[in-house]
4 protein chains.
Amino acid sequence: MISKEEHILLHAEELFAEKGFEGSSTREISKMAKVNVSMISYYFGSKEKLFVKIFELRMNESLTFSKDILANENLNEWEKLMIVINRYADRVKNLKTFYRILQREQLNNKNPYIAQFLHESKKGFLSIYSELIDKGLEKKIFTKKPRIEFIHSTVSGTIFTALNTLPVYKEFFEGDEDYEDQYFEEIKIHIQNILKHLLGYEEKL
Amino acid sequence: MISKEEHILLHAEELFAEKGFEGSSTREISKMAKVNVSMISYYFGSKEKLFVKIFELRMNESLTFSKDILANENLNEWEKLMIVINRYADRVKNLKTFYRILQREQLNNKNPYIAQFLHESKKGFLSIYSELIDKGLEKKIFTKKPRIEFIHSTVSGTIFTALNTLPVYKEFFEGDEDYEDQYFEEIKIHIQNILKHLLGYEEKL
Amino acid sequence: MISKEEHILLHAEELFAEKGFEGSSTREISKMAKVNVSMISYYFGSKEKLFVKIFELRMNESLTFSKDILANENLNEWEKLMIVINRYADRVKNLKTFYRILQREQLNNKNPYIAQFLHESKKGFLSIYSELIDKGLEKKIFTKKPRIEFIHSTVSGTIFTALNTLPVYKEFFEGDEDYEDQYFEEIKIHIQNILKHLLGYEEKL
Amino acid sequence: MISKEEHILLHAEELFAEKGFEGSSTREISKMAKVNVSMISYYFGSKEKLFVKIFELRMNESLTFSKDILANENLNEWEKLMIVINRYADRVKNLKTFYRILQREQLNNKNPYIAQFLHESKKGFLSIYSELIDKGLEKKIFTKKPRIEFIHSTVSGTIFTALNTLPVYKEFFEGDEDYEDQYFEEIKIHIQNILKHLLGYEEKL
DNA sequence: CATGAATGAGAATTCATTCAT
DNA sequence: AATGAATGAATTCTCATTCAT
């Protein structure tokens, strides 16, 4: 059974994704969640605190996301990198709603708490890429040393642009109903292909 | 000499970039532009019309953007592609402010006029990529046929993510004051590198 | 105990009667009703909806007004006609405030909903007059057949002009404080007198 | 050749008739008259002074209206009364626009100058009716002495209600395009008929 | 714990008028 | 004498939040 609080939160996430923070009114949230307006202040303190709560919820879900992978001794660096990126792509696809909010917030830089969050999260990815690539080079799995920023810009950028532009792609290429799912699978391979090239990685037989 | 109308428009662009459409109040715009609040309605009709005006202004600036390049008979497809992409990257860098607004509007889909604009603009890029790549393949300049969507996702995504994440990169890699300009020059080469790989293009000596 | 909503409505009616819709500001209404300005939007949605609400309230009060009289088998057509007109005159006198608004709205034709309302209401009176006079002629109670429009113009016109011009009459003829009440009683007899003449009706002994 | 001032005035009259004083903005007036907004303040001082100017213009046109008739020794009182009333009806019909404004202003009582004007005008009619009826009774042309207020209420009321309700009449009785002109001619006879009855006047052969 | 009526600050816009030219 | 750009007061309405129950 879902709690009333969570119920509000999920509807709020949806509305924030669609209309942004300022564009979403507490009235509309409360109408969608079919609760009284005052419930938002009651449960979360304020509209802004509700917003932050959504962030915390989703971000915490992915906190332990990569640590275990990095620590796994049965995987080599290329495999680890692929798992991190594939999981990331899946996550973005599955939490479309939330990642819309996140992208907007990246542009906003308004709420300092969230800004900090995003900042750290990005630095986290940069560290992971740094560590994996350095180790891979040491082990000679990788033969080229690219700028980490480029890796990040291309990986994240490709995933998010794919997500945001999908409807246009679908129309332009007259895709069927499975287009989206297929596209997201193939884009992982596309990224993998690019990374192989950038890192000079050769799959062994 | 800059007109009062243009003066307001430029300040509005800045604020919209920073806080979004809903997040920017006419009061604040007028305060920034040091004019009376009513001037916005007076010159533009409404806050929304001002917003659209900014769009029209910037988009019209880039209307004839690519047509002349495609028509140029002295360039081969690879060269054309590079020029289109490099110009795009430069433009995004130079009009940072506007492209923040544009990115947000991509997420919003609220104003139907602007939504249409963006939609067409994207389809325009897809056509250009399609045409150039097909011709390049015909002429055997390119040896691989990638999905056009992938090209678009990666090119646009890399540029925009670079733009948005630059402050984080700068901090993480302790970049100096020239970091930004250098980064934007190098990212063009990075994209070029990826495209060479994806298209199977080999530079002739 | 009167509700806050009704309280606002009554004060608004008064102000609308005095100054018209456009001439009455929400601020002034709220000041008169001693409530916060936002209460008007809160309770009624908008100033205009409040206005329409007043109309609906007063018009609904008089909906069943005439039907029961027309159906009464113990009254002849002359008696029915007199009751309809006398009730109308009384109503106009008792709801002076509302009928000021109504008269103005007749001149305005702005709000389509209200325009429709008034249109139907007038057609209702024309039907009643038509029916009663035709039946009265059939039964030979009436001996002359006047144009229904004339009956309507004269009956309604006399009542409303009396209402609007009363202060002038009172001053001109130096009426005492009972002048108004007496006048309204006598004007009913005056109308009756005219109608007897127009319909060729002879009271039987 | 019409002056610019008069040009504005006529367009303003039209708009005031349609939307009332508060409902008509100087911008709209200026747009209708195809002049700059500031012209209204420039020529008339203010919107309100323009409004009063319209009143003065139309009222002055009818100032000498009745005096000459009353003084005419070749007409008896009944004939004079008929001329006064017929002219009034014609005037109301011909200056529909202005009389819409006037009727609204009767309900408003806002501008004290205009209120005074209307007050005096009505008292003027009451005097004329008084004088003519008293003299007619002296001369035994009239055999009944009605209340002057009733005469006024019925005459003015019938004319104005006819004017305002004509569209409804036309629809209800499916009148053709000449309906309005015919109606206004017949209503004069209708009023004459009523007055004969009220004054006990018998036409001599 | 939960509600919903009520609040007042702030939003965008329209308005009549003024002022420099 | 005439213009039109510019003004700031006032308008209606929406908003997040509070408070009594």
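Chain letters run A, B, ... following the sequence lines, proteins first, then strands; residues in each count from 1.
As a whole-Å value, the separation of A:I8 CD1 from E:dC1 P is 14 Å. In this entry the distance linking CD of A:E5 with P of E:dT3 reads 13 Å, nearest Å. Rounded to whole angstrom, the span from the NZ atom of C:K31 across to the P atom of E:dG8 amounts to 15 Å. In this entry the distance linking CE of D:M39 with C1' of F:dA5 reads 13 Å, nearest Å. For C:K19 and F:dA10, the NZ to C1' distance is 14 Å, given to the nearest whole Å. A straight line from CG of C:L50 to C1' of F:dT12 spans 13 Å, rounded to a whole angstrom. In this structure, the NE2 atom of A:H7 is 14 Å from the P atom of E:dA2, given to the nearest Å. Taking atom CZ of residue C:F51 and atom P of nucleotide F:dT11, one finds them 18 Å apart after rounding to whole Å.
Between the D:H119 side chain and the C:V168 main chain, no donor and acceptor come within less than 3.5 Å of each other.
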Mind running ring-ring contact (aromatic ring centres under 6.0 Å, His included) on A:F16 and A:F98 for me, showing each step along the way?
CA-CA 9 Å; A:F16 285 145; A:F98 173 65; over 10 Å; no

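Each of D:K96, D:R58, D:K53 was checked for a salt bridge (charged side-chain N to carboxylate O under 4.0 Å, His left out) with D:E13, and the lone residue meeting it is D:R58.
D:F44 comes within 4.0 angstrom of nothing in the nucleic acid, heavy atoms only.
At F:dT3, one or more side-chain N or O atoms of D:K4 fall inside 4.0 Å of OP1 or OP2 (strictly under the cut-off).
Sorted by first and then second residue, the pairs that involve residues 106-122 of chain A and meet salt bridge (Lys or Arg N to Asp or Glu O under 4.0 Å), not counting sequence neighbours, are A:E22-A:K110.
In terms of the side chain to side chain donor-acceptor pair (under 3.5 Å) criterion, residue partners of C:K19 (sequence neighbours excluded) are, by chain and number, C:E28. The side chain to side chain donor-acceptor pair (under 3.5 Å) check on B:Y113 picks up B:E56, with sequence neighbours excluded. A:K49 pairs by the side chain to side chain donor-acceptor pair (under 3.5 Å) definition with nothing, not counting sequence neighbours.
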Classify every nucleotide of nucleotides 13-21 of chain E by which part a protein heavy atom approaches to under 4.0 Å, writing B for the base, S for the sugar-phosphate alone and - for neither, in 5'-to-3' order.
BBBBBB---

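Separation of atoms CZ (A:F55) and CG (A:L118) is listed at 5.0 Å; rounding is to 0.5 Å.
F:dT21 and E:dC1 are spaced 12 Å apart, taking the C1' atom of each and rounding to whole Å.
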As a check on the pairing definition, encode DNA chain F in dot-bracket form, counting Watson-Crick and G-U wobble pairs whose two distances are under 3.5 Å, and using | for partners outside this strand.
.||||||||||||||||||||

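In summary, the side chains of C:N111 and C:E48 do present a donor paired with an acceptor at a separation below 3.5 Å, with no hydrogens or angles considered.
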